[in-house]
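Remember, predicted model here, so these are calculated numbers, not experimental data.
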Amino acid sequence: MTDFRTVVALVCEATDDDSARRIIAALIEWTGPAALAVPTPRQDDTRPALNERRLLLRAELCERAEAGETLVQPRDFTAWVEDHGLSRPWLQGEFKRLTETGFLQRDAHGSYTILHSHRHPA
């Protein structure tokens, strides 16, 4: 069964606007508009699994790129990290991993450009 996080990953990996639109349209047709709600931070004290954390971060980066915020720094994610029960070292490690995979580009000390989203394909 396809869930929201899988669809977010597909949208973020789409190479053009048409692909992203088709994925979103298919999801709406399959489940209705309510499925497009952004996942909320967990209210309990359990941490999400590693893959879930990575998908949540990627979804957040895609949302920021969509809003025109393509230059980011880990400190911009302080509240987001706390809301999701994560740590700053984990976030910095993920930024490094996303840089190595070509999703982000490290610009200056601590600054990154989002290179790959459905609005800004790699």
Side-chain angles (χ1 to χ4, degrees):
M1 182 171 170
T2 303
D3 64 4
F4 177 78
R5 289 172 187 84
T6 303
V7 173
V8 168
L10 290 171
V11 169
C12 289
E13 292 171 4
T15 57
D16 56 38
D17 286 348
D18 290 334
S19 297
R21 281 191 206 95
R22 282 194 304 272
I23 292 167
I24 292 169
L27 177 66
I28 290 171
E29 182 178 318
W30 179 60
T31 60
L36 294 178
V38 175
T40 57
R42 292 175 176 255
Q43 298 302 318
D44 56 10
D45 291 335
T46 61
R47 251 180 28 171
L50 178 61
N51 286 338
E52 184 179 354
R53 286 180 273 167
R54 286 181 171 164
L55 287 174
L56 288 169
L57 177 59
R58 238 177 121 125
E60 178 68 18
L61 288 165
C62 285
E63 284 180 26
R64 289 181 184 224
E66 177 84 10
E69 185 183 348
T70 57
L71 184 63
V72 295
Q73 296 180 332
R75 70 178 179 205
D76 300 335
F77 291 80
T78 302
W80 186 88
V81 165
E82 290 173 4
D83 290 346
H84 290 84
L86 304 171
S87 68
R88 184 175 172 175
W90 177 84
L91 180 67
Q92 290 170 327
E94 286 303 301
F95 271 46
K96 180 180 179 184
R97 188 183 68 77
L98 289 169
T99 299
E100 291 169 353
T101 62
F103 189 84
L104 297 175
Q105 173 183 311
R106 187 172 178 152
D107 298 326
H109 182 70
S111 295
Y112 297 84
T113 299
I114 302 170
L115 298 176
H116 185 77
S117 72
H118 65 279
R119 289 279 186 206
H120 305 283

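- To the nearest 0.5 Å, atoms CG (Leu91) and NE2 (His84) are separated by 11.5 Å.
- Here Leu104 contributes atom CG and Thr113 contributes atom OG1; the two are 8.5 Å apart, rounded to the nearest 0.5 Å.
- Between Arg53 and Trp80, the shortest heavy-atom distance links the atoms O-CH2, 4.5 Å.
- With sequence neighbours excluded, the residues that form a side-chain contact (heavy atoms from CB on, under 4.5 Å) with Arg88 are Gln92.
- Remark: Arg97 engages Glu94 in a salt bridge, criterion side-chain N to carboxylate O under 4.0 Å.
- Summarising the geometry, atom CD belonging to Glu82 is positioned 6.5 Å from atom OG1 belonging to Thr78; distances are rounded to the nearest 0.5 Å.
- What you find for Asp107 and Tyr112 is that their closest heavy atoms are OD2-C, 3.6 Å.
- Residues Leu61 and Leu98 meet the side-chain proximity criterion, which asks for heavy atoms closer than 4.5 Å.
- Taking all atoms of both residues into account, the shortest heavy-atom contact from Phe95 to Gln73 is CE2-C, 4.3 Å.
- Counting all heavy atoms, side chain and backbone alike, Glu69 lies closest to Ile114 at O-CD1, 3.6 Å.
- Separation of atoms CG (Asp83) and CG (Leu56) is listed at 11.5 Å; rounding is to 0.5 Å.
- Annotation for Gly110 and Pro74: closest pair O-CD, 3.3 Å, computed over non-hydrogen atoms.
- Taking CZ of Phe77 as the reference point, atom CZ of Arg64 lies at 4.0 Å (rounded to 0.5 Å).
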